[in-house]
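Worksheet: the structure to be examined is printed underneath.
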There are 2 protein chains.
Amino acid sequence: MDLADTKTKILDSAEKLFAAKGFAATSLRNITSEANVNLAAINYHFDSKDKLIYEVFARRMIPINKERIRLLDEIEAKNVDQPPHPKEIVRALVAPLLRAANNPDLYLGDILLRLFARLHIESEEKMREMFKGLMGAVIQRFIQAFRKSLPDLEEADFFWRVYFMIGVMAHSVDTQKLNLISHGCCDTSDVEGIIDRMVNFITPGLTAPATKKE
Amino acid sequence: MDLADTKTKILDSAEKLFAAKGFAATSLRNITSEANVNLAAINYHFDSKDKLIYEVFARRMIPINKERIRLLDEIEAKNVDQPPHPKEIVRALVAPLLRAANNPDLYLGDILLRLFARLHIESEEKMREMFKGLMGAVIQRFIQAFRKSLPDLEEADFFWRVYFMIGVMAHSVDTQKLNLISHGCCDTSDVEGIIDRMVNFITPGLTAPATKKE
DNA sequence: GTCTATAGGGGGATAGAC
DNA sequence: GTCTATCCCCCTATAGAC
């Protein structure tokens, strides 16, 4: 594990600490002492703390988004005549994210997932820009796919439901708080099971009858 | 607006800045200059930054949770012989939170709501303790109510679905990011409409058939 | 209760030796 | 590429005058 080069050690430690404490609360000194490297190495390899934050995200986000697009391409290739069922699109969106947590090559556990959850909640301008750059294209592809598979939904209803779906996904990548309420009866290590449950929760909400004024 | 006393001015400014930038990134100097009060006033009135954070939350959370319990009591009083429909319980849980944003006595808009979203994502120990103290009893009450109204659901399925529901609620209190994808077609000021849409999204997921191994 | 002043520490970033 | 040393800033908290 100490065979990694300095740049990788910094990324690994920064990822872990950002996920645990947040960006502002994690100092460059925290990171370098955790990584057993020199303080100046961060500025040498990454120029600034902001650019380090970006690199930490990009390293994980890019492969996940590639896999999402690959799965969506596959689904659309199978359904050339009619739009695919929303359930399949939901699965293509959430599965690569949840699976990334249990990739044995990463050894990340909940760390990666809390990092994404935190990004969703950050409101600083730089975070917004970063998010747009890393996620914009994928979001647009999936919105188009969902729109075609839910053609009868009124536009406002459609976007609200997509937004609620993103909420489920963003919040549930961190499964720690679930243990606080479930006294350990939920197996948080069974990723494929979590994916199934999440798809089965989201799909009926997406495909429900239109919301009427009550 | 400048008629408020020092303590209230500090709470108002702290709430606004915590929501916008997070706890760690908001300094006591930011708060006192926004509030037009002296730096030392924070330590005089609140002792420390941590206790200020707690007070900011408690001021909003306590009335919201009281209203949630009141609505749940009301629902259960109407349904003494059979458990209420999950839909009614969902509404009792989400409506007070979403309505708090548009309370004209508070003039908070999205600020209050982003604050709650951020609390959900904070992982520091002190936040966990605070959350437990302010939310523990309410969560237990609602879990019991949901359990009775969903008696056929396997236990793990039940808790996962409750967790997904919390995700929708926590994420969707900040409606800013919705505008990024919906090009303004969603009316984020119509609180009762948002509540209806959210209840209609969550309920089918809660009441769906059990998740089977696929 | 509110102020000024300051203690005492930690932060990001960089210069320059090796 | 990696180190030490340091600049200069902002931070929380408190002491003590008013």
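The sequence lines fix the lettering, A, B, ..., with proteins before strands; numbering per chain opens at 1.
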Shortest non-hydrogen contact between A/Lys7 and A/Phe46, atoms and distance: CG-CZ, 3.6 Å
Take atom [atom1] of [X] and atom [atom2] of [N], then tell me their distance rounded to the nearest Å.
X: A/Ile10; N: D/dG1; atom1: CD1; atom2: C1'; answer: 11 Å
X: A/Tyr44; N: D/dG1; atom1: OH; atom2: P; answer: 4 Å
X: B/Asp50; N: D/dA13; atom1: CG; atom2: C1'; answer: 13 Å
X: A/Phe46; N: C/dA13; atom1: CZ; atom2: C1'; answer: 16 Å
X: B/His45; N: C/dT2; atom1: NE2; atom2: C1'; answer: 8 Å
X: A/Asp47; N: C/dA13; atom1: CG; atom2: P; answer: 10 Å

Taking C-beta and beyond as the side chain, do A/Lys87 and A/Asn200 meet within less than 4.5 Å on heavy atoms? yes
Which atom pairs, one a donor and one an acceptor, fall under 3.5 Å between side chains of residues 139-148 of chain A and the rest of the protein, sequence neighbours left out?
from: A/Arg141; atom 1: NH1; to: A/Asp73; atom 2: OD1; distance (Å): 3.2
from: A/Arg141; atom 1: NH2; to: A/Asp73; atom 2: OD1; distance (Å): 3.1
from: A/Arg141; atom 1: NH2; to: A/Glu76; atom 2: OE1; distance (Å): 3.0
from: A/Arg147; atom 1: NH1; to: A/Leu150; atom 2: O; distance (Å): 2.9
from: A/Arg147; atom 1: NH2; to: A/Leu153; atom 2: O; distance (Å): 2.8

Does A/Glu192 come within less than 4.0 Å of A/Arg99, counting only side-chain N to carboxylate O? yes
B/Arg91 and B/Glu88 ion-paired at < 4.0 Å: no
Using atom names, set out every protein N or O paired with an N or O of nucleotides 6-11 of chain C below 3.5 Å, distance rounded to 0.1 Å.
from: C/dG11; atom 1: OP1; to: A/Ser27; atom 2: OG; distance (Å): 2.9

If each of B/Asn43 and A/Thr6 is mapped to the nucleotide of DNA chain D with the nearest heavy atom, which maps nearer the 5' terminus, i.e. the 5' end? A/Thr6
At 4.0 Å (heavy atoms only), tell me whether A/Ala40 reaches a base, stays on the sugar-phosphate, or touches nothing. base
Got a sec, which pairs hit ring-ring contact (aromatic ring centres under 6.0 Å, His included) with one end in residues 178-199 of chain A, sequence neighbours left out? A/His183-B/Phe159
Taking 4.0 Å as the cut-off, does a side-chain nitrogen or oxygen of B/Asn38 come that near to OP1 or OP2 on C/dG1? no
